[in-house]
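All ligand and atom numbering here is 1-based and tracks the order in the structure.
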Amino acid sequence: MSNLTVLGAQWGDEGKGKIVDLFSETFDIVARYQGGHNAGHTVRIGDKTFILKLIPSGILRPGVKAVIGNGLVVDLKALMEEMEALESLGVDVRNQLAISSRAHVIFPFHRLVEKISEGRKDRVAIGTTSRGIGPCYEDKVGRRGMRFADLLEDASFAALYEPFAEDKQILARAFQIEGWFDFAAIREEYLALAERVRPMVCDTAALLNGAIAAGKRVLFEGAQGTMLDVDHGTYPFVTSSSATAGGVSTGTGVPPSRIGGVIGVSKAYVTRVGEGPFPTEARDACGEDLRRLGNEYGAVTGRPRRCGWFDVPLLRYTSMLNGFDSLALTKLDVLDTVEEIPVAVAYRLGGRETLDMPATSRQLAAIEPVYTRCPGWRASTAGITRYEDLPGLARKYLEFLEEKVGVEIGCISTGPRRDQTILRPGSRLAALLAR
Ligand code: GDP
Ligand code: IMO
Ligand code: MG
């Protein structure tokens, strides 16, 4: 079966945008299944740089359908901005994009709720992207959320909006921020915005399953990363959706039996934005070097990313959860000048070595990584497109990671552009892409 999932194997920003854009050449549809405009997926085509937040990266391929699945939370203003930016670059957004009628809508007061919870003195801040993502998912799970279908149906909207607004007013009053929102004005504004996207809203589960039945190929694009998954990540320092492979089916309505493979995207090292445990974080000058060499600043918020070394137990954990068929390893070129590259091969916790991932933040913060040092290759790998052209020590590094993680590295990225990529002939990945 030829439908594939491509998702992040670490804490996000692994280079999913580049890999999805590259692979989407042989797919008919690219679908997002979770998250919202907290994502920032960078795609470099020639000398142009695109940052996709909400719209699947596949939109950049003419003729490819891009689907915003039911599992997403959508800020209509952010969507409009992104659509307009893409249209000004010549992308046929209105014909290529479909939005699930069951996707939830983010309202301005969701951002306010987030501000309140992030700013509470007695609560640990998560360091969110402040986009209202978490509070919108709270309303979804609390069964009081507003979906595109409701927004586009006068009677549904009228019945849902008043109690919805009332809840938020009570909350605003409790936190003494009364008068911040004109709920009537927001209602009118959102109804008008909804009209502008009406032609693109449909039952995307029916669209996707119908396309698959007709022999079309779908690529599912993950946002965030496995360690930010609400169930399996470093809770509570996670996002509020299911970023793992299991989220694809709930977030699109395409059953697991129709998904043929899962590709994990991982950096050749690790980064994280926001708060929370990060066992292999390099808090020294080496971490700063990685940030500078890898230009590690958030694509959405511009925040400096925390940087550290490749973490084998973490990759083994995320591989177990997602069942990776193959890995796409990005940013190998960033390590070109590093003399010795530390790789965590195990964790030391409570006096013993383990490969297991502990569940609590307290234990995660107490992990002492057990490092092996790999000799650096100290030569440029930038732009290399054939495995055999890589320096011997770079190949050794990759083969060491493959052996320790137990998953093939089928694709190696040596720069931000499409053509700066090695696809290994004979790999499981090559077979999955060919089908
Ligand atoms: P995503 O959220 O997973 O799509 O990743 P981001 O776009 O947030 O961050 C990845 C960054 O690394 C982007 O700026 C990419 O252009 C860049 N990038 C991707 N692959 C490579 C690579 O192999 N080498 C280098 N130097 N940069 C890369
Ligand atoms: P892409 O798709 C990296 C992080 C935030 C914060 C936590 C919760 O580009 O890889 P949220 O606003 O989602 O409630 O914040 O998750 N985070 C990301 N980190 N890449 C992302 O997306 C992220 N999306 C959210 O920094 O720690
Ligand atoms: Mg990103």
query: For G415, is the nearest heavy atom under 4.0 Å from an atom of ligand 1?
result: yes
message: Please compare Q420, K331, R417, K18 and report which has the shortest non-hydrogen distance to atom 17 (C) of ligand 1.
response: K331
query: Considering only protein heavy atoms, which is closest to atom 6 (C) of ligand 2, and at what distance to one decimal place?
result: G127 O, 3.2 Å
task: Could you verify whether a donor N or O on one side chain and an acceptor N or O on the other, from H104 and D139, lie under 3.5 Å apart?
output: no
- request: May I ask you to decide if A31's main-chain N or O and E221's side chain share a donor-acceptor pair within less than 3.5 Å?
  value: no
- request: Around atom 23 (C) of ligand 2, find the nearest protein heavy atom and jot down its residue, atom name and distance.
  value: Q224 CG, 3.7 Å
message: Just to confirm my output: which protein heavy-atom neighbour is closest to atom 12 (O) of ligand 2, and how far is it?
response: T129 OG1, 2.5 Å
message: Taking 4.0 angstrom as the limit and counting only heavy atoms of D333, give me the atoms of ligand 1 inside it, by number and element.
response: 22 (C), 23 (O), 24 (N), 25 (C), 26 (N)
- prompt: Among all protein non-hydrogen atoms, which one is nearest to atom 15 (O) of ligand 2, and what is the separation to 0.1 Å?
  reply: T128 CA, 3.4 Å
query: Which heavy atom of the protein is the closest neighbour of atom 16 (O) of ligand 2, given with residue, atom name and distance?
result: L228 CD2, 3.6 Å
- prompt: With backbone taken as N, CA, C and O and side chain as the heavy atoms from C-beta onward, which portion of T414 lies under 4.0 Å from ligand 1: side chain, backbone, both, or neither?
  reply: backbone
- prompt: Quick one: nearest non-hydrogen protein atom to atom 27 (O) of ligand 2, plus distance?
  reply: V273 O, 3.1 Å
field: Three-point angle G40:O, the Mg ion (ligand 3), D13:OD1, rounded to the nearest 10°
entry: 170°
query: In ligand 1, which numbered atoms sit nearer than 4.0 Å to a non-hydrogen atom of S413?
result: 20 (N), 21 (C), 22 (C), 23 (O)
query: Taking the inter-plane angle between the rings of F107 and F109 on a 0 to 90° scale, is it parallel (under 30°), tilted (30 to 60°) or perpendicular (over 60°)?
result: parallel
